Amino acid sequence: LIVGLLIVVAGAFVWSWQQRRQRLPIYWSVPNFRFTAHTGQPLSLADLRGKVWVAEFFFSTCAGICVEMNTNMKAVQKAFADVPDVVIVGFTVDPQTDTVEVLREFAKEYGAREGKWFFVTGDKKEIYRLARHGFKVTAEEVPPAEEGGPTDFIHSDRFILGDRHGRIRGFYNGTDKQQVQQLIADIRKLLRE
C-alpha cells in the first residue's frame, strides 16, 4: 500500500513538473506602437511590458464575429479580474468611426474594467501596418502605398497572446469557446514563467 501510494505521489510530481516546464512557443517580438485608448490616455507597447496581454483586432460596428469575440473576451477578463498583470487590448480596424468617444461607449457595453481591458484607436495606416507586419493577422498583401488606405480592410477572428517581454506566444480563434479556454490556460502558464 505504501509503495503504491509513493508511486502515485511520484507520478503526480513528475507530471506537474513536466507541465510547468512545457513552455509556449516564442514567435516574434511586436514592434513598438502608441495609440489612444478609450480612456483618452495613450497606450503603447511600453505600457504592456511586464504584463501578460491579449490583443484582438475588431471594429465597433461589426455585427458579425466581433460580437462573439468580445463576448468571449469577457470570459478572459473575468478569469483574470483580480490579476493586475493580465490586460486585454482591442485595436480598432475602423479608426475613422471608432473615435475615443465611440470606444468609451463600446467599453461600457462590454463591461471593460478600468485598467484591465483597453480599446485603442489611432492612425489607420499605423494600425494596419501593426496588424499586418507586427501581429501578422492577415496573409493578404497590399502595396505599401495602399496599406491602411481607403480600400484596405483587415478583419481577423484571432486573439493573440503576448508575454511580459512584448513577444507573441500564441494565436487562438476568438469565436471558439474551447480555444478561448486554452487561451486562459496558456495565460496561466505565462504568469508562472
Side-chain angles (χ1 to χ4, degrees), residues 22-39 41-60 62 64-94 98 103 106-122 127-128 130-138 154-193:
Q22 243 181 356
R23 292 175 50 106
L24 296 172
I26 298 172
Y27 292 105
W28 56 82
S29 294
V30 174
N32 288 325
F33 62 82
R34 183 181 173 93
F35 297 112
T36 304
H38 71 278
T39 60
Q41 300 299 312
L43 185 79
S44 68
L45 183 62
D47 297 314
L48 301 178
R49 296 274 183 208
K51 298 187 182 301
V52 174
W53 47 278
V54 181
E56 68 166 333
F57 289 84
F58 79 103
F59 58 108
S60 69
C62 171
I65 64 170
C66 297
V67 174
E68 190 173 358
M69 289 172 65
N70 283 303
T71 298
N72 288 338
M73 194 67 89
K74 286 168 70 172
V76 176
Q77 177 180 245
K78 183 178 179 183
F80 300 98
D82 298 322
V83 182
D85 284 352
V86 177
V87 296
I88 301 164
V89 183
F91 296 87
T92 182
V93 295
D94 184 11
D98 291 339
L103 292 179
F106 192 77
K108 285 180 191 173
E109 182 181 334
Y110 281 95
R113 292 183 60 177
E114 187 176 333
K116 174 64 66 184
W117 191 354
F118 301 92
F119 294 99
V120 300
T121 190
I127 292 169
Y128 277 50
L130 180 68
R132 194 169 272 122
H133 305 291
F135 286 94
K136 302 180 194 244
V137 293
T138 181
I154 292 176
H155 200 274
S156 172
D157 65 0
R158 298 293 154 200
F159 288 165
I160 307 110
L161 177 59
D163 69 13
R164 298 174 193 270
H165 306 287
R167 302 173 302 192
I168 302 294
R169 302 297 293 273
F171 291 87
Y172 310 81
N173 182 329
T175 66
D176 182 318
K177 290 189 185 306
Q178 284 185 302
Q179 287 201 21
V180 173
Q181 289 306 308
Q182 184 60 56
L183 167 61
I184 290 169
D186 288 349
I187 290 170
R188 289 189 176 114
K189 279 185 185 177
L190 284 187
L191 287 170
R192 290 190 299 266
E193 278 191 7

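On a predicted model such as this, the values are computed, not experimentally measured, just so you know.
Of all non-hydrogen atoms in H133 and K136, the two that sit nearest each other are O-CE, 3.7 Å. Summarising the geometry of A131 relative to I154, their closest heavy-atom pair is CB-CD1, 3.8 Å, with the distance given to 0.1 Å. What you find for L43 and A37 is that their closest heavy atoms are CB-CB, 4.5 Å. Residues D47 and P42 come closest through the heavy atom pair OD2-O, 3.8 Å. In this structure, N173 and D157 approach most closely via the heavy-atom pair ND2-OD2, 3.4 Å. Annotation for N72 and G174: closest pair ND2-O, 2.8 Å, computed over non-hydrogen atoms.
Between I160 and Y27, the closest side-chain pair of non-hydrogen atoms is not below 4.5 Å. With a 4.5 Å cut-off on side-chain heavy atoms, L130 and P31 count as touching. The side-chain heavy atoms of M73 and V180, taken from C-beta on, include no pair separated by under 4.5 Å. Inter-residue side-chain proximity for F57 and R158 is flagged as unmet; no heavy-atom pair is nearer than 4.5 Å. Considering only heavy atoms from C-beta on, F33 comes within 4.5 Å of L48 through its side chain. Taking the side chain as every heavy atom from C-beta outward, L191 and R164 approach each other to under 4.5 Å. Inter-residue side-chain proximity for H155 and C66 is flagged as met; some heavy-atom pair is nearer than 4.5 Å. When side chains are defined from C-beta on, D85 does not count as touching V52, because their heavy atoms never get closer than 4.5 Å.
Checking side-chain atoms of K116 against main-chain N and O of D82 turns up no donor-acceptor pair under 3.5 Å.
To the nearest 0.5 angstrom, F159 atom CZ is 8.5 Å from T175 atom OG1. Atom CG of residue L45 and atom CH2 of residue W53 lie 6.0 Å apart, to the nearest 0.5 angstrom. Atom CD of residue Q77 and atom CD1 of residue I88 lie 5.5 Å apart, to the nearest 0.5 angstrom. Considering CG of D186 and CZ of R169, their distance stands at 9.5 Å, rounded to 0.5 Å. Taken from CD1 in I26 to CG in D163, the straight-line distance is 6.5 Å, to the nearest 0.5 Å. To the nearest 0.5 Å, atom CD of residue Q179 and atom CZ of residue F171 are 12.0 Å apart.
Between the side chains of D98 and T121, no donor N or O sits under 3.5 Å from an acceptor N or O.
Within the 6.0 Å centre-distance limit, the rings of F58 and F106 are counted as a close aromatic pair. For F119 and Y110, the gap between ring centers reaches or exceeds 6.0 Å.
Within a 6.0 Å sphere centred on CZ of R49, heavy atoms belonging to other residues, nucleotides or ligands number more than 12. Remark: E109 CD is packed, more than 12 non-hydrogen atoms of other residues, nucleotides or ligands lying under 6.0 Å away.
Of the residues F135, F59, Y128, the one that meets the ring-ring contact (aromatic ring centres under 6.0 Å, His included) test with F91 is F135.
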Note to self: With side chain to side chain contact (heavy atoms under 4.5 Å, CB included) as the criterion, how do Q182 and Q178 come out once you've worked through the C-alpha distance, each side chain's angles and the decisive distance to 0.1 Å?
What the structure shows: CA-CA 6 Å; Q182 184 60 56; Q178 284 185 302; over 6 Å; no
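Aromatic ring orientation, H38 versus F118: tilted (interplanar angle from 30° to 60°).
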